[in-house]
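Side chains are part of it too, since the values below use all heavy atoms of this structure and drop only hydrogens, waters and symmetry mates. None of the values given here were measured: they were computed from a predicted structure. Numbers restart at 1 for each chain; the letters A, B, ... are given by sequence-line order, proteins then strands.
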Amino acid sequence: MTVPSLASSLSDSVTDAAASLGLADFVPQVRRSEHADFQADGVLAAARALRRRPRDIASAVVAALPAGDLVAAARVAGPGFVNLELADRALLAQLADRLGDSRLGVGTAEAGVTTVIDYSQPNIAKEMHVGHLRSTIIGDALVRILEHLGGTVVRRNHIGDWGTQFGMLIQYQLEQPEPPAVTDTATMRRLAALYRQARAAFDTDPAFAERARRRVVALQGGDPATLAAWRDIVAESTRYFTDIYDRLGVRLTGADAVGESAYNAALAGVAGELADRGVAAVSDGALCVFFDDVRGPDGEPTPLIVRKRDGGFGYAATDLAALRQRVADLHADRLLYVVDARQALHFRMVFDTARRAGWLPPAVPAVHVAFGTVLGPDGRPFKTRAGDTVRLADLLTEAVDRARDVVAAKNPGLAGAALHERARQVGIGAIKYADLATSRTRDYTYDPDRMLALTGNTGVYLQYAHTRIRSILSRADGADASVDPGTTLEPAERALILDLDGFADTLTEVVAGYEPHRLCGYLYRLAQTFTAFYERCPVLRADEPVRGNRLALCRLTGDTLRTGLELLGIDAPEQL
RNA sequence: GCGCCCGUAGCUCAGCGGAUAGAGCAGGGGACUUCUAAUCCCAAGGCCGCAGGUUCGAAUCCUGCCGGGCGCACCA
């Protein structure tokens with residue numbers, strides 16, 4: 001059952017007070033304050049319109065606040081701020097309410113909403129790199145959060161499994177057969193090496209380039225032997241991706257992978273409809289969509305090219321076909337694309353084209369959830385085509401290895417499979433948290449030391465806070481964490497309840513901007529607040545009823561941290 | 001040339017209309033017979049790129065500069 005946050009209840013109270021005074025234009029903004037539990041802002045803005053003194057209005061609002069158990073004290077401060085102190089009893093009641101709900105009182109705002117989210121998007125026969133990592137991790141977190149809020153989420157892994165590069169790849173493989181590798185990782189390395197060699201041959205050997213081009217025609221024409229070779233390559237790569245996703249603990253499966261090739265049959269129809277509706281027109285032999293404000297360096301309009309001069313289809317056509325299918329067949333109420341920010345113009349053109357074509361109704365938002373480019377140590381973007389990237393598989397291995405060293409040092413009793421599992425949870429958690437914790441639009445420099453750090457504002461800090469709580473609760477030996485609302489709260493306890501109460505509102509903010517880093521910030525703050533409580537307020541040694549209340553605080557904090565971490569895709573083990 | 005993103009502590013980043021701008025890391029000083037020190041406390045560290053504007057109030061919104069990154073016709 002949904003538990004309204006204290007902030008929203010206060011907002012209602014202040015709004016009611018303002019309404020009773022006839023201040024209809026006054027929209028209070030209630031937020032946490034360093035001067036009180038909460039402050040209500042907006043009086044100063046309203047004062048001017050009403051031609052009244054701000055402090056007078058604030059005083060009137062304070063006087064008109066509905067009588068109830070919530071507010072213990074309200075006073076005017078500064079030029080016209082309203083400071084609000086809540087009653088301990090109300091805070092404890094809120095704690096009990098959240099604790100009494102299996103979902104911690106979080107509502108289901110996404111119920112009935114279908115989101116189709118496109119993320120990860122690795123390329124067949126290429127190693128995944130840190131850019132794919134970002135898309136995968138951010139996308140996975142958004143999926144989990146939307147689903148937690150009751151939404152229906154359709155995951156789409158738009159794999160790069162089609163295109164002219166497969167001609168050279170297949171041709172090269174046929175000409176230079178190699179024995180199949182034993183493991184998936186080794187297979188992937190073989191394929192990636194094959195890709196680089198094929199590329200080199202294509203660029204330097206005109207005869208090979210010609211054979212490769214003919215192979216593309218054979219592939220597109222459905223030649224059985226060529227198709228079989230293509231399927232083998234796709235299958236090998238897919239096994240590698242699945243292995244990575246399993247190690248990451250990401251909820252992407254083969255069923256979510258709908259590659260570019262899946263839309264081949266629809267491309268001609270897409271082009272035809274665009275032409276029929278006058279959205280696209282032939283220019284210089286290519287079927288193009290033009291935009292008033294998109295021009296190149298020469299001042300000439302830059303089109304979205306749906307069909308190339310040679311009759312082939314580019315990725316614009318594929319994206320349009322996929323979009324149309326997601327709205328028409330999957331009944332998407334919202335489309336998300338977790339893709340590198342460099343694709344911004346492309347998505348703008350695709351969305352605009354789809355709107356014009358009528359495939360994307362006004363009520364269906366399409367959002368490019370852009371993330372910053374991952375830069376190398378030299379400040380340059382990581383190259384994907386040169387093959388000069390950090391292998392994702394190696395990064396994961398290193399993260400787990402480092403975590404294992406730290407875990408083993410701190411917890412010498414751990415060994416074998418248990419140690420490995422703990423190391424995996426910590427190491428993968430470190431990578432995910434590092435990627436999720438900063439705002440996604442910003443570019444960042446790839447730095448394994450920072451990404452894999454295990455001190456400070458990191459995933460392990462949150463995991464550690466969680467284990468301390470679990471330790472207390474297990475030592476409490478099943479004692480009842482029942483809330484006695486009649487006690488007086490310590491400052492550290494009040495701060496903790498106030499932070500805990502912000503969980504649901506934080507999730508709302510995350511969805512509003514598709515910004516998982518806000519959840520990271522919230523959880524880190526919560527863990528810090530808990531640690532302050534932990535330092536100052538003994539739990540097990542306290543007397544009843546304080547002991548029970550503190551156990552309740554521990555329980556709700558632990559549940560909130562665990563839930564929050566899970567929504568980020570990070571495990572919250574019982575012990576480190 | 002046009003467009004998008006970004007300039008906040010030495011470094012990496014939060015904060016995106018509210019009161020005195022916050023964390024982490026690095027560096028300095030402290031705290032483990034205690035519910036796990038993967039932690040905590042203290043001190044130090046800032047023309048919030050620059051200049052105008054809007055506002056009672058701007059790191060936050062608008063405009064213009066400066067600096068950096070990225071993108072802009074048949075690769076994805």
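Contact annotation: A:Lys308 side-chain N/O to B:C75 OP1/OP2 distance is under 4.0 Å. At the phosphate of B:A73, neither OP1 nor OP2 sits under 4.0 Å from any side-chain N or O atom of A:Ser283. Between B:U36 and A:Ser471, a contact under 4.0 Å exists linking OP1 or OP2 to a side-chain N or O. Distances shorter than 4.0 Å separate some side-chain N or O of A:Tyr461 from OP1 or OP2 on B:C40. The side chain of A:Arg525 contributes no N or O atom lying less than 4.0 Å from OP1 or OP2 of B:A14. Within the structure, every side-chain polar atom (N or O) of A:Arg470 is placed at least 4.0 Å from both OP1 and OP2 of B:U36. In terms of phosphate contacts, A:Arg402 brings no side-chain nitrogen or oxygen within less than 4.0 Å of OP1 or OP2 of B:A38.
For B:G7, the paired nucleotide is B:C66, the pair qualifying as Watson-Crick or G-U wobble because both relevant distances are below 3.5 Å. Nucleotide B:U12 has B:A23 as its partner under the Watson-Crick or G-U criteria, with both atom distances under 3.5 Å. When both pairing distances are held under 3.5 Å, B:G71 makes a Watson-Crick or G-U pair with B:C2. Using the Watson-Crick or G-U wobble rule with both distances under 3.5 Å, B:C32 pairs with nothing in any strand shown.
For the P atoms, the distance from B:C32 to B:C6 is 46 Å, rounded to whole Å. Comparing the same atom, P, in B:A21 and in B:C47 gives a spacing of 13 Å after rounding to whole Å. Spacing between B:A44 and B:A26 at atom C1', rounded to whole Å, works out to 13 Å. As rounded to the nearest Å, B:G52 and B:G71 have P atoms that lie 35 Å from one another.
Electrostatic pairing of A:Arg31 and A:Asp41 counts as a salt bridge here, judged by a charged N lying under 4.0 Å from a carboxylate O.
The aromatic rings of A:Tyr522 and A:Phe503 sit tilted relative to each other, their planes meeting at an angle between 30° and 60°. Between A:Tyr524 and A:Tyr461, the angle of the ring planes lies from 30° to 60°, which puts this pair in the tilted group.
For a distance-only test at 3.5 Å, the side chain of A:Tyr315 qualifies as a donor-acceptor partner of the base of B:A76. In this model, no side-chain donor or acceptor of A:Asp340 finds a partner on the base of B:A76 within 3.5 Å.
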Item to check | Verdict with reasoning, A:Trp162 to A:Leu219, per side-chain contact (heavy atoms from CB on, under 4.5 Å) | outcome: CA-CA 10 Å; A:Trp162 198 250; A:Leu219 178 62; 3.6 Å; yes
Next on the checklist: Before you tell me yes or no, could you show the steps for A:His346 and A:Tyr315 under ring pair (Phe, Tyr, Trp, His ring centres under 6.0 Å), namely the whole-Å CA-CA distance, both residues' side-chain angles and the distance that decides it to 0.1 Å?
Outcome noted: CA-CA 10 Å; A:His346 168 72; A:Tyr315 74 133; 4.2 Å; yes
Checklist entry - Taking protein heavy atoms under 4.0 Å as touching, what does nucleotides 20-30 of chain B look like 5' to 3' if B marks base contact, S marks sugar-phosphate-only contact and - marks none? => result ---SSS-----
Protein-nucleotides 56-58 of chain B N/O pairs under 3.5 Å:
| unit_1 | atom_1 | unit_2 | atom_2 | d |
| --- | --- | --- | --- | --- |
| B:C56 | OP1 | A:Arg48 | NE | 2.3 |
| B:C56 | OP1 | A:Arg48 | NH1 | 2.5 |
| B:C56 | N4 | A:Ala45 | N | 3.3 |

What protein N or O atoms touch nucleotides 4-10 of chain B N or O atoms at under 3.5 angstrom, if any, and at what distances?
| unit_1 | atom_1 | unit_2 | atom_2 | d |
| --- | --- | --- | --- | --- |
| B:C5 | O2' | A:Thr441 | O | 3.3 |
| B:G7 | OP1 | A:Arg442 | NH2 | 3.0 |

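B:C42 has its base anti relative to the sugar, with a glycosidic angle deviating from 0 by more than 90°.
One atom, CG of A:Asp41, and another, C1' of B:G18, lie 5 Å apart when rounded to the nearest Å.
With respect to A:Tyr444, the side-chain hydrogen bond (donor to acceptor under 3.5 Å, both in side chains) criterion is satisfied by exactly one of A:Asp435, A:Thr438, A:Thr373: A:Asp435.
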